[in-house]
Amino acid sequence: MAHGGYGKRRVAERKPPVGRRSTGLGVDKKPKQKPKSVSIKNQIRSIDRMLRKELPLQVREAQEKRLEELKKQQEIHTRLALERKIFLRDRKIKFFERRKIDRRIRRLEKLLRASSGQLPQDADVADQLSKLKEDLEYVRFFPKTEKYVSLFTGGDDSDIVDRRNRLRKQIKANLVAAAASGKDLEETGSEDDGLLDLSEDDFFLAETSSDEADADDEWTDKSTREPASSASGKAASGMSSDERNQTAARALMPPPRPSNNLQANPVHAQSRFGASSSKNSWKQRAGISTSSNTSSSISGSSFRAGVSSSTRTGHSSNLSSNSDAHKPRRKRRPKKKKQQRQLDLNMVYQGFECVLSCAENLAFSPLNSFLSKESSCRARLKNQRDWNQREQGMEKTWKQRCLPLLLLLSILSAATNHNNIIFLRQTAADGVTPEEATLLRDEVREMFYHAFNGYMEHAFPLDELKPLSCEGEDSLGGYALTLIDSLDMLALLGDRERFTSSVDWIGKNLRFDINKTVSVFETTIRVLGGLLSAHLIASDYATGMRIPSYDNQLLDLAEDLARRMLPAFDTPTGIPFGSVNLLYGVDEQESRITSTAGGGTLTLEFGMLSRLTNDRKTPEPCKAAVPDLCSLQLLSMVNVFEQVTKNAVRGLWARRSKLNLVGAHINVFTGEWTQKDAGIGTSIDSFYEYLLKAYLLFGDEEYLFIFQEAYAAAMHYLYNDPWYVEVNMDSAAIVWPLFNSLQAFWPGLQVLAGDIDPAIRTHAAFFSVWKRYGFTPEGFNLATLTVQHGQKSYPLRPELIESTYWLYKATRDPRYLDVGRDMVVSLQYGARCPCGYCHIVDVEFHKKEDHMESFFLAETVKYLWLLFDLASGPDNLVENGPYK
């Protein structure tokens, strides 16, 4: 019996008397186990058994409804699991094929070096080598948007061969184009190789994968392998260059948040939360981590013994010995990557441990003490983990991750008077007090003026600012877009001087009779909306910002702009074109495809313009293909601006599916859906938003009816608590399990609709993505739980901040103030640029882009300011100001 086994059995046999408490002082009570969650399958079984019994009618109906919901959830989970399994399998196939090709290339190159071009078969070997390099190019640069086509299967299938040849041509064309532009084409062949779990799929178990057998040929063919000096040398030589680069790149990634598993491991817990008192703690930690996984550790002596024993068997290799069926099967070479990654994480945790300890001293230190504090931190780290003996990549990680944080802490403490430090003293607080909310509101005010002043100094009168280079650019129409979009924010901040001067300049200098083709959607929500809101403020005494000399100049400009966009609505369906030329109308070559959001997100601005101008006009004879639309266009006086946008909404809703879902893109002439993906994100989002807000603003119950139908369908078919997916509008089959950043407006819309509970859960899920990366990427894949390829950017969007504001206003839960504070920190630390705030082109590495959208000033900063103003006290502007 093993040591300790008998004692354990005796302890287990001792049972306390029934009905009496144990009085032993050394006995530890077992913690109460949390109740296990019941699986969906067991819940369905339980309800099935219940329904076989005689139940009251109401109970039966409730259980049947619950059963239907559970079956839908089960179907979604099954589909997502299948999609993830297929995704992992394709990725593993690509990984093994690349490894096989790499090893064959190394074997042939070694053969050519040994022969020195003197053997007659060298020409054949060179030909095989060139073909293998073409295969390697195929795997390395395979397009991520295509489904992977294996090189070693489907040889007799003409369709697979044709598709593979087509993809080869595409890859070569991509390489040529990249070389012509002077850029390197992104590799995709070894993506996430180190994260693959090769034991989770039976397809990759022993003796089931021919790729794995071929991949191990180099380790069974002893005649072509040069002796290595040590086991570590063999391990390094066996790794491809991409694997080594990937290991170094992972060291530069931000460390993940410590999970619950760290508490169970004393080594991790010590390195993360407490300083080690042992001089050799790093060596001990490395030893424990290495020996904990026996499948990933091979000693140098045992490895050399294996080589010598294999050499004595007398096996030899040649070019036709790929299968080597007569050879004994060796186990796959152990991987060192996960082990190295664990050591790197421990090292990063030690770095952050030092950052936290040094930050306590830096919190109230002047800036000139930073260098001494930083050098002491580096000295502690150097003594603790043998700095000079570690890889240079980890030193780069320390410089890129830890030192900027220390510098930020010192700058903030030096730039603020000790009473105004927000980031240092408040981030660990339980909640934001009114005094702290006031400080945060002032911080947001400074953010606005930093960007607005940068625009006025370096970009005005161009459309938008380039905050890195401090230049301007025309991105929409060339009519001072950022200034128009910022007018209401200037009024909200009480800046009468700048608001008045801006309105005067726009009234005297802005004209729309220009030969520019603009987006109907963007021009409406930014320019037309900005002019109308500024007009309402400048002409109303109650706002406190009325301009005495103002004579409806902005309203006249808004009416002129709207009339120039009216030709876009001249379609058989009533749904407008996506673009229009402000001087000549719709171009003959203009695309007939538009998005649902582009056609259905115009009612607020055009409806308000109709009410402000009282413009009535007899419509032209009806040309619409839908009789219901024609019946509404009587030869009577109608309000033209509001009517055209209402017809657009009716045209979209009339073409909904039987499930009351709308697609993403539609042909404005035929009314056919060109993209039937239904969701609440890109291309559809604001269609839902404007339906409810049009009812709240105008009181038109037709908008409310459409919203109620559309909202019920979205919650029934798109909601996968707490996330939302995209489905086919006809069948409700999931087509895209993706969180899109534009979905983040939805919790705020649910607050306006009075559906608070799902809004709280969804907002928490969406904010978890922000916490993970510091920003919300444009796309986050719910099947792989990674950032979607090609959708890694954050263009300073306001949707999640807007939902945070509405949820705090509805619940007054202080955690939403904490959320807002985190967002301010992310924007200040990750997006602030010399002249404004930059787009984040990659949320994983916080890489900046030289662009700032106008909506950052008009919406993103505005909702942050409103959030903290609401929490600043009873005299806040939201509840007690002129805009309540």
Side-chain angles (χ1 to χ4, degrees), residues 434 437-456 460 465 480-506 525-547 550 554-555 558 604-605 608 693 696-697 745 748 752 796-799 801-806 808-809 816-817 820-821 823-824 827 836-837 852-884:
T438 303
L439 292 176
L440 284 165
R441 184 187 63 182
D442 295 340
E443 179 77 13
V444 174
R445 180 189 181 95
E446 187 277 333
M447 291 170 61
F448 171 82
Y449 279 112
H450 171 67
F452 182 78
N453 292 337
Y455 166 77
M456 295 301 294
F460 178 78
L465 171 69
L481 171 64
T482 299
L483 179 63
I484 297 174
D485 220 0
S486 305
L487 288 175
D488 59 339
M489 187 60 186
L490 288 171
L492 197 63
L493 296 175
D495 194 340
R496 173 185 289 274
E497 181 182 354
R498 293 207 180 191
F499 178 74
T500 302
S501 61
S502 299
V503 170
D504 289 342
W505 184 92
I506 292 172
I525 64 174
R526 298 202 205 185
V527 183
L528 186 59
L531 291 173
L532 291 174
S533 61
H535 162 74
L536 291 172
I537 295 171
S539 60
D540 189 356
Y541 281 104
T543 62
M545 300 295 293
R546 191 187 188 287
I547 302 174
Y550 178 71
L554 300 186
L555 182 61
L604 296 182
E605 291 80 7
M608 181 57 67
K693 290 183 177 179
L696 296 175
L697 185 61
F745 85 100
L752 293 178
L796 306 176
R797 292 199 183 277
E799 284 78 12
I801 301 174
E802 178 186 3
S803 292
T804 304
Y805 164 71
W806 285 116
Y808 177 71
K809 189 173 183 180
Y816 295 114
L817 298 177
R821 181 174 54 197
M823 292 172 172
V824 170
L827 291 170
Y837 289 82
M852 185 184 79
E853 294 277 3
S854 66
F855 58 68
F856 174 74
L857 295 176
E859 298 181 72
T860 305
V861 176
K862 179 192 297 177
Y863 283 114
L864 281 172
W865 191 89
L866 290 173
L867 172 67
F868 296 119
D869 177 73
L870 187 60
S872 62
D875 58 341
N876 62 80
L877 189 65
V878 175
E879 294 177 322
N880 301 302
Y883 311 105
K884 61 181 178 180

Would you check if [X] and [Y] make a side-chain contact, meaning some heavy-atom pair closer than 4.5 Å?
X      : Y      : answer
Asp488 : Leu536 : no
Leu864 : Leu827 : yes
Met489 : Trp865 : yes
Leu817 : Leu440 : no
Leu555 : Leu532 : yes
His450 : Val861 : no
Val503 : Phe499 : yes
Leu465 : Thr482 : no

Atom pair [atom1]/[atom2] of [X] and [Y] - distance to nearest 0.5 Å:
X      : Y      : atom1 : atom2 : answer
Tyr805 : Lys862 : OH    : NZ    : 11.0 Å
Ser502 : Glu497 : OG    : CD    : 10.0 Å
Arg546 : Tyr541 : CZ    : OH    : 4.0 Å
Leu490 : Tyr449 : CG    : OH    : 5.5 Å
Met456 : Ser486 : CE    : OG    : 9.5 Å
Leu752 : Lys693 : CG    : NZ    : 6.5 Å

Test side chain to side chain contact (heavy atoms under 4.5 Å, CB included) applied to Leu877 and Leu866, Leu492, Leu870, the passing residue: Leu492

Donor-acceptor check, side chain of [X] to backbone of [Y], threshold 3.5 angstrom: yes or no?
X      : Y      : result
Arg441 : Leu867 : no
Thr543 : Ile537 : yes
Asp485 : Leu857 : no
Thr860 : Leu796 : yes

In terms of ring plane angle, is the pair Phe452 and Tyr455 parallel, tilted or perpendicular, where the classes change at 30° and 60°? tilted

Should the ring pair Tyr550 and His535 be called parallel, tilted or perpendicular, given that the plane angle runs from 0 to 90° and is split at 30 and 60? tilted

Which atom pair, heavy atoms only, marks the closest approach of [X] to [Y]?
X      : Y      : value
Leu554 : Ala534 : CD1-CB, 3.5 Å
Gly748 : Ser803 : N-OG, 3.0 Å
Asp540 : Ala542 : OD1-N, 3.0 Å
Tyr837 : Ala451 : CD1-CB, 4.1 Å

So Arg498 and Asn453, side chain to side chain contact (heavy atoms under 4.5 Å, CB included) or not? Walk me through it. CA-CA 11 Å; Arg498 293 207 180 191; Asn453 292 337; 2.5 Å; yes

Short N-O contact, Arg526 and Glu853, less than 4.0 angstrom: yes

